[in-house]
Amino acid sequence: MKLINSINQNLKAVIFNHRFLFCVIITTVLFFSAQAYSDYLGNKFSVIEVLLNMNRIKYSQYPELSSYSIFINSVGSGYFGMFIPILASCPFILTFCEQRKSGFMQFEVSRCGYLNYYFSKFIASFISGGFVAVLGYVLFGLLCLLFFPLTIKYALEIREIVYLGSILKSILGVFLFGAVSTFPSFVFSSFSKNKYINTCIPFMLIYIYDTAFNRIFSFMISSEQYINTTFKLNFLRADALLYIKYIEEITETLKLTALNIFLTSASFLTFFFIMNRRFDKCD
């Protein structure tokens, strides 16, 4: 009961905050940078570019310009994947750093105990990060319904069922990606009270890892002898959770699940170990 109350209090402190709303809005804006359309000359147009040129493009002629297609495909391009690690982390990290600097953290620990305190912070970070990503995504989807046709005219009932399944998988993937993206910042917050270090350095590390992986991936895929191995390593991508709607093989699902269970456990245990080794514990 103490753990549930502590989680509830931490979530309220993070979610009912102007920072959380600001991050959700910025996340929505980032989705408009996703690629929506490509013409026969190979010119690519983002969602915002399509809207600005809506008089020159007839939406009904292009299935990719349905609200469904834009909503589903927006997670794979644009700046969302790049910046969500910092946006998902900000609401919790900024609140947590302020609480630690206030000097009153021991009062909360005395009520719930160290283990409950650490775990409630971890859960609050995980859930708030996921909510930032998924609420921004859902808001983007609602705006797509306003600006673009619902779906292509020849959609059948069976296709509508497929559409619903893809939408739910896409929403789940965005939530999990946003939640897992908070782990580096959460770990950094165990040994630093500086909000800029806790948000910016993890963001840069994720960006460096993603860039390096993509370059290695591109090199391997260009070589025939590595092409089969390359696709087996897709689960190691920083944004692999965004593509769970495309995963069909059970082995790929198991690998991605195992990796994220490991990352979740490692993040919490690292935070727990470092906080326990600190002389000031929580203060």
Checklist entry - Does a donor on one side chain sit under 3.5 Å from an acceptor on the other, for S120 and N10? => result yes
Checklist entry - Would L263 and L205 show up in the same hydrophobic cluster when neighbours are defined by side-chain heavy atoms closer than 4.5 Å? => result yes
Item to check | Pair T264-F122, side chain to side chain contact (heavy atoms under 4.5 Å, CB included): steps then yes or no | outcome: CA-CA 10 Å; T264 302; F122 179 74; 3.5 Å; yes
Next on the checklist: Please determine whether ring pair (Phe, Tyr, Trp, His ring centres under 6.0 Å) holds for the pair F272 and F119, giving the CA-CA distance in whole Å, both sets of side-chain angles, and the decisive distance to 0.1 Å.
Outcome noted: CA-CA 9 Å; F272 180 82; F119 193 68; over 10 Å; no
Checklist entry - How far apart are the C-alpha atoms of L143 and L146, what are their side-chain angles, what is the distance that settles it, and do they pass the side chain to side chain contact (heavy atoms under 4.5 Å, CB included) test? => result CA-CA 5 Å; L143 293 175; L146 294 177; 4.2 Å; yes
Item to check | Minimum heavy-atom distance between E49 and K44, given as atom pair plus value | outcome: OE1-O, 3.7 Å
Checklist entry - Got a donor-acceptor contact below 3.5 angstrom from the S189 side chain to the F186 backbone? => result yes
Checklist entry - Heavy-atom distance under 4.5 Å between the side chains of I70 and F147, does that happen here? => result no
Checklist outcome for this item: Minimal heavy-atom distance between F20 and P91, with the atoms involved, is CA-CG, 3.9 Å
Checklist entry - S125 side chain to K121 main-chain N or O, any donor-acceptor pair under 3.5 Å? => result no
Item to check | Which atom of N198 lies closest to which atom of S192, heavy atoms considered | outcome: ND2-O, 3.0 Å
Checklist entry - What is the minimum heavy-atom distance between S170 and I72, and which atoms define it? => result CB-CD1, 3.9 Å
Item to check | Side-chain donor/acceptor of N73 to backbone N/O of S69, under 3.5 Å | outcome: yes
Checklist entry - Taking side chain as C-beta onward, heavy atoms only, is I244 less than 4.5 Å from L172? => result yes
Next on the checklist: Around atom OH of Y209, are there more than 12 heavy atoms from other residues, nucleotides or ligands closer than 6.0 Å?
Outcome noted: yes
Checklist entry - Are any non-hydrogen side-chain atoms of F96 and V14 less than 4.5 angstrom apart? => result no
Checklist outcome for this item: Contacts satisfying salt bridge (charged side-chain N to carboxylate O under 4.0 Å, His left out) that involve residues 8-37 (not counting sequence neighbours) are R19-E98
Item to check | Criterion ring pair (Phe, Tyr, Trp, His ring centres under 6.0 Å) against Y137, the qualifying member of F32, F175, F80, F71 | outcome: F71
Checklist outcome for this item: Between Q99 and A13 the two heavy atoms that sit nearest each other are NE2-CB, 4.1 Å
Next on the checklist: Please tell me whether L51 and V29 are part of a single hydrophobic cluster in this structure, the criterion being side-chain heavy atoms less than 4.5 Å apart.
Outcome noted: no
Checklist entry - How are the rings of F188 and F191 set to each other: parallel, tilted or perpendicular (split at 30° and 60°)? => result tilted
Checklist entry - At their closest point, which heavy atom of F177 faces which heavy atom of G81, and how far apart are they? => result CZ-O, 3.9 Å
Checklist entry - Between F131 and V24, does a side chain to side chain contact (heavy atoms under 4.5 Å, CB included) hold up when you go through it step by step? => result CA-CA 8 Å; F131 276 177; V24 169; over 6 Å; no
Checklist entry - Given side chains that start at C-beta, do those of V132 and T182 come closer than 4.5 Å, heavy atoms only? => result no
Checklist entry - Hey, what's the ring geometry for Y118 with F271, parallel, tilted or perpendicular (30° and 60° as the breaks)? => result perpendicular
Item to check | pair F268-F183: side-chain heavy atoms closer than 4.5 Å | outcome: no
Checklist entry - Is there a side chain to side chain contact (heavy atoms under 4.5 Å, CB included) between F83 and F203 once you walk through the steps? => result CA-CA 8 Å; F83 289 105; F203 164 74; 4.0 Å; yes
